[in-house]
Amino acid sequence: MARAAGYRLRGYDSIGSTNSEAIEAATAGDLGGIWFAARQQTAGRGRRGRQWESPHGNLAATLLIVPEADPTLAATLGFVAGVSLNRALSAILPGGLVKIGIDGADALEGKSRIALKWPNDVLADGAKLAGILLEASKLPDGRHAIAIGFGVNVVAAPEGLPYPATSLADLGVSLSAEDVFEALGDAWVETFGLWNDGRGIGDVLKHWRASAAGIGAPVAVNQNGDVLRGIFETIDDAGRLIVRAEDNRRIAITAGDVHFGATASARS
Ligand SMILES: O=C(O)CCCC[C@@H]1SC[C@@H]2NC(=O)N[C@@H]21
């Protein structure tokens, strides 16, 4: 892999899972500021215990960091990851570029082809292009090592999923995983600076909301088989999904699978 602005880099041609490698390194006392990037994963992991396909040529990269922020704030790094990936991919995809000023939604210009889907997906033209998996491991000194895993479908998208998926190649972009990694590394440094040990989470969330898919639209949220239907109102300042339920209750959701549309089913 090419370059990892501001961090150490461990590159692999093929590996089981960059997230597993990062957590193992942290457990062995390697304390962060390291990117683990691979051209292929043989045991890639997705959210909620799912498998993540990482054929040769797609990007699999994990950043291992040990933030000073407390664990609740550290969990908001998923939004830093989403905003970073959104910035990197919006700059890469023709017609994907949207100018987002530091003040968030007010500075949004035009409409991007790239959107963020709560909690951790990146969509292109409505289909899943990339996913993020955030995992934490408690260190002996009480701090938490955070592994932030990014999977981007660069050359191929998985088939047979219950939702649409796409790749940069499908979208007519012929870039390498190295190119995408470089763009992601730069966008991460910028967005992580904005996060500022958690003090800037409000600004990060403004950016996230400005690129969010489905705000104001019908949504179905599947929480381990329980399905909540309503209108997706916003993401609150803790990063929770706020749904106005059909019985008018305002419900804050911390985990679940989201499906958009008036006929949103609760497929995962
Ligand atoms: O959408 C999801 O379910 C999250 C996918 C996260 C995949 C990435 S690829 C790099 C890192 N290593 C893994 O095993 N998973 C994450």
Side-chain angles (χ1 to χ4, degrees), residues 1 4 7 9-27 32 34-65 75 77-86 88-89 114-124 126-137 145-168 176-178 180-181 183-185 188 208 212-213 221-224 241 255-260 267-268:
M1 289 287 166
Y7 296 95
L9 170 64
R10 291 193 196 152
Y12 307 84
D13 194 44
S14 180
I15 199 172
S17 155
T18 53
N19 262 38
S20 300
E21 191 71 15
I23 296 285
E24 273 171 35
T27 308
I34 312 173
W35 277 105
F36 299 78
R39 293 196 172 83
Q40 180 193 26
Q41 290 184 128
T42 52
R45 295 186 283 112
R47 287 178 54 241
R48 302 170 80 80
R50 295 186 190 111
Q51 184 192 338
W52 179 261
E53 284 183 31
S54 291
H56 209 277
N58 279 2
L59 176 65
T62 298
L63 179 61
L64 174 66
I65 53 174
L77 282 167
F79 295 99
V80 179
V83 170
S84 302
L85 204 43
N86 180 58
L89 294 172
I114 301 281
L116 290 166
K117 181 173 176 222
W118 188 91
N120 275 329
D121 289 348
V122 181
L123 308 179
K128 181 160 171 171
L129 175 62
I132 295 161
L133 176 65
L134 199 80
E135 296 180 300
S137 173
I146 311 286
I148 307 155
F150 300 83
V152 182
N153 299 331
V154 179
V155 296
E159 289 173 6
L161 297 176
Y163 52 83
T166 192
S167 67
L168 288 174
S176 67
E178 280 85 351
V180 178
F181 179 60
L184 171 62
W188 171 272
W208 204 99
V221 187
N222 186 334
Q223 297 173 290
N224 298 321
L241 179 84
D257 283 314
V258 167
H259 305 274
F260 296 128
R267 294 170 305 165
S268 308

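Whatever order the structure lists ligands and atoms in, that order sets their numbers, starting from 1.
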Quiz item: Salt bridge check: are Arg10 and Glu21 linked by an N-O gap of less than 4.0 Å?
Solution: no
Quiz prompt | Pair Asp257 + Lys117: basic N to acidic O under 4.0 Å | solution = no
Quiz item: So which residues, sorted by chain and number, lie with a heavy atom under 4.0 Å of ligand 1?
Solution: Ser17, Thr18, Asn19, Gln41, Gly44, Arg45, Gly46, Arg47, Trp52, Ala60, Ala61, Thr62, Asp121, Lys128, Gly131, Ile132, Leu133, Gly149, Phe150, Gly151
Quiz item: Looking at Gly126 and Pro164, what are the two nearest heavy atoms and their distance?
Solution: O-CG, 4.2 Å
Exercise. Would you name the heavy atoms of Ile23 and Ala147 that are closest together and state the gap between them?
Key: CD1-CB, 3.9 Å
Exercise. Would you please say whether a donor-acceptor pair under 3.5 Å links the side chains of Arg48 and Asn224?
Key: yes
Quiz item: Judged by modelled atom types alone, do Ser20 and Arg45 share a side-chain donor-acceptor pair under 3.5 Å?
Solution: yes
